[in-house]
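Since the structure is predicted, the reported quantities are computational estimates derived from the model, not experimental observations. What's counted below: heavy atoms across the whole structure, side chains too, no hydrogens, waters or symmetry copies. So that the names make sense, note that chain A is the first sequence line, chain B the second, and so on, each numbered from 1.
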There are 2 protein chains.
Amino acid sequence: MNRTMINKLNNYINKKVTVKGWIHRIRKLKSITFIVVRDRTGLLQCVADNKKIDCENMKCEDVVSIEGLLVKSRNDLNPFELQIESVEILNTSEVLPIEINKENLDVNLDTMLNNRMLSLRNKKEADIFKVQNAIVDGFRKFLKEREFTEIFSPKIIKEGVEGGTELFEVKYFENKAYLAQSPQFYKQMMVGAGFERVFEVAQVYRAEEHNTNRHLNEYVSMDLEMGFIDNEYDLMKLEEEMIKFIIDKIKDECSSIEGIENIIPEIKYEIPKIEFNDVISIMAKEYNKTDLEGDLDPDAEKLICKYAEEKYNSEFVFVTNYPRNKRPMYTMMKGENGTHSFDLLCRGTEITTGGQRIHNYNMLVENMKYKNLNPDNYKSYLENFRYGMIPHGGLAIGLERITCKFLKLDNVRRASFVPRDRTRLVP
Amino acid sequence: MNRTMINKLNNYINKKVTVKGWIHRIRKLKSITFIVVRDRTGLLQCVADNKKIDCENMKCEDVVSIEGLLVKSRNDLNPFELQIESVEILNTSEVLPIEINKENLDVNLDTMLNNRMLSLRNKKEADIFKVQNAIVDGFRKFLKEREFTEIFSPKIIKEGVEGGTELFEVKYFENKAYLAQSPQFYKQMMVGAGFERVFEVAQVYRAEEHNTNRHLNEYVSMDLEMGFIDNEYDLMKLEEEMIKFIIDKIKDECSSIEGIENIIPEIKYEIPKIEFNDVISIMAKEYNKTDLEGDLDPDAEKLICKYAEEKYNSEFVFVTNYPRNKRPMYTMMKGENGTHSFDLLCRGTEITTGGQRIHNYNMLVENMKYKNLNPDNYKSYLENFRYGMIPHGGLAIGLERITCKFLKLDNVRRASFVPRDRTRLVP
């Protein structure tokens with residue numbers, strides 16, 4: 001008999017159905033046994049007559065196929081229940097090391113991640129990825145509608161984007177290679193190859209030594225790059241529209257998550273833009289914070305978000321025009337010390353870095369030298385700028401990071417299916 | 001003035017427009033200059049009066065913004081042309097090392113790949129990725145409609161899927177790690193985590209020494225895994241529907257590619273299925289080929305495709321029930337020596353490997369031993385099978401491979417934006 005998904009059962013009242021899934025809960029009484037079955041769409045209460053069905057050995061998380069008659073339920077909690085006619089045990093489970101059938105997983109983060117297959121059986125943990133799927137789909141759909149081409153760029157690379165720091169080394173046959181920190185060079189190359197507008201959603205790698213609640217050593221980067229822009233304001237406009245689109249998509253696709261519309265952020269008015277130098281002044285004036293040395297630290301990120309929330313009623317804020325010496329060598333300069341760059345911050349943390357890029361060969365070489373980088377180490381990259389590179393810019397959003405911020409999670413690892421951090425290589 | 005894309009110009013006849021792009025061709029006559037401009041959507045002929053516009057220094061692949069009046073053209077080749085009123089040179093190009101503005105790139109593969117930004121400016125080469133985008137979109141859309149969850153699994157792993165061969169080694173801080181050959185273990189884990197149906201589109205890595213026209217050392221794998229299947233026939237059914245869906249999507253989205261409907265394959269009837277042992281017999285009887293030792297070699301793949309084409313009028317063929325000793329340890333056994341497995345072949349080459357997986361802990365351990373693998377090396381993987389793993393199976397399609405076959409390309413590298421092979425680490 002064909003399987004019916006639990007969320008489709010309302011069409012089958014007083015009919016025979018087969019459901020398949022895991023035993024979520026089981027309560028054995030003297031004459032009857034209650035079995036709550038869980039499939040990917042929901043929970044169903046089933047009732048067995050102990051004289052007809054042998055439930056003696058059934059345990060939580062056994063995998064079952066249950067056939068029975070679906071009837072209206074007498075209690076208010078469940079709209080209907082299944083009167084079991086037969087049960088087939090498809091696989092068995094040992095006793096779980098963690099309890100997963102409560103609303104919240106009451107375990108510490110390490111235990112949660114060590115038992116990843118099990119912790120994701122908890123609805124609350126699994127729902128994180130429902131939202132994440134909506135974010136990724138929204139990112140792609142929004143860009144596809146604007147004629148962006150999806151690219152897949154190599155993650156094994158010979159030259160790092162920013163020099164040799166924070167790169168994982170790979171043995172590539174007889175050569176030494178590295179894992180890409182970002183698709184930066186390749187998305188620029190593909191813009192110049194005539195696609196003009198490209199995006200990529202893929203893993204990138206940072207060999208950072210520190211272990212924080214917002215960093216991963218392998219994460220999914222949602223990257224885009226776009227040609228024929230006037231400046232970075234085109235990118236911020238695009239991103240603002242995209243974030244709105246994504247928020248709407250979450251609301252639309254994740255309405256089964258209780259209270260989701262109150263958890264995810266809103267864009268009520270235009271996202272405020274504050275110049276980097278003004279942020280520094282605001283930090284000093286409003287928060288008596290004067291220890292910043294040409295860049296924002298985590299505290300400053302939190303404070304400027306607080307400021308934007310209080311002053312502009314916005315959970316997002318763009319910080320613009322970062323100093324030249326703090327931005328990568330490919331960043332378009334603005335005046336003497338500034339850049340056509342921006343970050344997007346949300347709820348205390350940076351979720352996007354972006355900006356206009358240099359498209360002129362000589363300017364790029366000059367900026368490499370300014371950054372004490374040797375242009376000879378970037379030969380293959382520089383080559384692209386000799387043959388009509390178009391004006392362009394782009395941005396990158398960390399997928400786990402934005403998921404974490406949108407859902408107010410305490411740790412970015414919960415937004416990674418199977419995270420890699422300083423010490424975690426397993427599972 | 002706002003930019004108008006070239007493929008939208010038919011709405012602007014007798015109006016002033018601005019187009020932006022590259023100088024595709026330029027022909028300087030005595031009193032006028034013809035400039036063909038190329039943007040991501042097409043070509044446009046522009047005409048300059050040499051008395052008004054200084055075209056002296058303009059060259060192919062310079063980046064321009066041209067303003068002018070769009071008029072109906074007098075010749076049949078171009079529906080309209082632009083009478084140039086002003087030109088802004090946004091960037092210049094040196095003389096190209098390869099000629100890109102002909103129908104076919106007349107260069108060898110190495111030159112094509114060494115000059116990747118330029119070779120992709122050739123329409124024919126770029127169109128490959130239009131088709132590839134349709135394939136990826138089709139794969140995702142088809143599966144999303146069937147409630148698959150998209151996953152992102154780690155590519156830095158501690159244990160290889162099949163033991164230690166053909167793995168690239170990564171230095172992960174103080175540990176030795178590897179690049180994933182496939183998301184196999186993780187997609188199984190996520191099926192067991194309650195998502196039931198998952199897919200991933202991501203780079204995978206094979207440290208294979210050989211350099212062929214159909215292998216890459218880094219490629220994009222389109223993977224899916226699905227719970228509660230009866231057996232491998234559910235997967236073949238799903239794939240057949242999916243391939244049809246993808247073919248329709250290509251026809252729909254790539255109609256601008258001349259003759260595309262005659263290039264891509266068709267599924268006219270149900271894809272034939274031939275058991276592995278029958279393939280061996282057919283090879284001997286029909287083609288006098290008797291050198292096969294329990295697996296198909298490239299010649300046999302070509303011949304069985306020829307056979308399917310001649311006998312069943314099909315460009316696709318499923319080969320089923322591969323011998324147990326030739327399939328990975330996680331493959332569900334069938335009888336004494338067979339497996340619930342299949343390959344899908346198209347136009348002479350395997351494009352998919354799939355099958356039902358073992359979901360029972362003890363059976364999996366037993367099969368590892370049969371394969372001379374040490375279960376202790378797969379502790380973290382095996383752990384998943386102790387807690388109610390559901391019956392499941394899946395498949396993987398190489399994105400560049402299927403693109404190559406669908407477009408009858410001579411080399412899989414042409415279907416990779418920036419390929420990595422035995423010797424190629426740059427660009």
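Contacts of Y219(A) with chain B are absent, with no heavy-atom separation under 4.5 Å from either backbone or side chain. If you measure heavy-atom distances from L96(B) to chain A, the contacts under 4.5 Å come from both the backbone and the side chain. In this structure, chain B has a heavy atom under 4.5 Å from the backbone of V191(A), while its side chain stays farther away. For Q203(B), the part lying under 4.5 angstrom from a heavy atom of chain A is the side chain only. E147(B) touches chain A through backbone and side chain together, each having a heavy atom under 4.5 Å away. For a residue to count as touching a neighbouring chain, one of its non-hydrogen atoms must lie under 4.5 Å from one of that chain's; by this rule Y381(B) does not touch chain A. At a 4.5 Å heavy-atom cutoff, I100(B) makes no contact with chain A through either its backbone or its side chain. Heavy atoms of V170(A) lying under 4.5 Å from chain B belong to its backbone as well as its side chain. With a threshold of 4.5 angstrom between heavy atoms, F195(B) approaches chain A through its backbone and through its side chain. Contacts of A202(A) with chain B are made by side-chain atoms alone, with heavy-atom separations under 4.5 Å and no backbone atom involved. Interface residue P391(A): only side-chain heavy atoms are found under 4.5 Å from chain B. For N114(B), no part lies under 4.5 angstrom from a heavy atom of chain A. Both the backbone and the side chain of D39(A) come within contact range of chain B, with heavy atoms under 4.5 Å apart. Interface residue E150(A): backbone and side-chain heavy atoms are both found under 4.5 Å from chain B. Residue contact with chain B, scored on non-hydrogen atoms closer than 4.5 Å, involves the backbone and the side chain of V418(A) alike. Looking at V95(B), only its backbone comes within 4.5 Å of chain A, counting heavy atoms on both sides. Only the side chain of K144(B) comes within contact range of chain A, with at least one heavy atom under 4.5 Å from a heavy atom of that chain.
Summarising the local packing, NZ of K59(A) is surrounded by more than 12 heavy atoms from other residues, nucleotides or ligands at distances under 6.0 Å.
In terms of heavy atoms, V37(B) sits closest to K20(B) at CG1-C, 4.4 Å.
Remark: the backbone N or O of G194(B) is not paired with any side-chain donor or acceptor of R40(A) at under 3.5 angstrom. Under a 3.5 Å cut-off, the side chain of R424(A) and the backbone N or O of V426(A) do form a donor-acceptor pair. Counting only distance, with no hydrogens or angles, the side chain of E208(A) and the backbone of E166(A) share no donor-acceptor pair below 3.5 Å. Panel note: side chain N360(B), backbone M363(B); a donor-acceptor pair is recorded below 3.5 Å.
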(request) Test side chain to side chain contact (heavy atoms under 4.5 Å, CB included) on R197(B) and F228(B) and set out the steps. (result) CA-CA 9 Å; R197(B) 302 173 162 206; F228(B) 293 114; over 6 Å; no
(message) Could you walk me through whether E196(A) and I390(A) satisfy the side chain to side chain contact (heavy atoms under 4.5 Å, CB included) test, starting with their C-alpha distance in whole Å, then the side-chain angles of each, then the deciding distance to 0.1 Å, before giving a yes or no?
(response) CA-CA 8 Å; E196(A) 294 187 21; I390(A) 61 179; 4.2 Å; yes
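Ranked by heavy-atom pairs under 4.5 Å with chain B, the list T149(A), I23(A), V201(A), D62(A) is led by T149(A). Options F152(A), Y387(A), F385(A) differ in how many heavy-atom pairs under 4.5 Å they form with chain B, and the most are formed by Y387(A). Between chain A and the residues P427(B), S119(B), P419(B), A177(B), the largest count of heavy-atom pairs under 4.5 Å involves P427(B). Heavy-atom pairs under 4.5 Å with chain A were tallied for N133(B), N122(B), L120(B); the largest tally goes to N133(B). Each of A193(A), S416(A), G227(A) has some count of heavy-atom pairs under 4.5 Å with chain B, and the biggest count is that of A193(A). Among P154(B), G21(B), S380(B), S65(B), the residue making the largest number of heavy-atom pairs under 4.5 Å with chain A is P154(B). With chain A as partner, the option from K171(B), E169(B), H359(B), R3(B) having the largest number of non-hydrogen pairs under 4.5 angstrom is R3(B). Ranked by non-hydrogen atom pairs under 4.5 Å with chain B, the options W22(A), F173(A), Y361(A), F417(A) are led by F173(A). Ranked by heavy-atom pairs shorter than 4.5 Å toward chain A, the options N91(B), L90(B), D137(B) are led by N91(B). The choice from N175(A), T423(A), I151(A), I156(A) that makes the most heavy-atom pairs within less than 4.5 Å of chain B is I156(A). Highest contact tally toward chain A, considering only K130(B), E125(B), M389(B), M5(B), is held by M389(B) [criterion: heavy-atom pairs under 4.5 Å].
Using a 4.5 Å heavy-atom threshold, the side chains of E209(B) and R422(B) count as touching. With a 4.5 Å cut-off on side-chain heavy atoms, K8(A) and T41(A) do not count as touching.
S153(B) is linked by a side-chain hydrogen bond (donor to acceptor under 3.5 Å, both in side chains) to K155(B), E200(B), counting only residues two or more places apart in sequence or in another chain. Every side-chain hydrogen bond (donor to acceptor under 3.5 Å, both in side chains) that E61(A) has, sequence neighbours left out, goes to R38(A), R121(A).
A salt bridge does not link E383(B) to K379(B): none of the charged side-chain nitrogens sits closer than 4.0 Å to a carboxylate oxygen. Using a cut-off of 4.0 Å between Lys/Arg side-chain N and Asp/Glu carboxylate O, R386(B) and E94(A) are scored as salt-bridged.
Between Y205(B) and F168(B), the ring planes lie perpendicular to each other; the angle is over 60°, past the 30° to 60° tilted range.
Distance CD1/I89(B) to CD1/I66(B): 8.0 Å, rounded to 0.5 Å.
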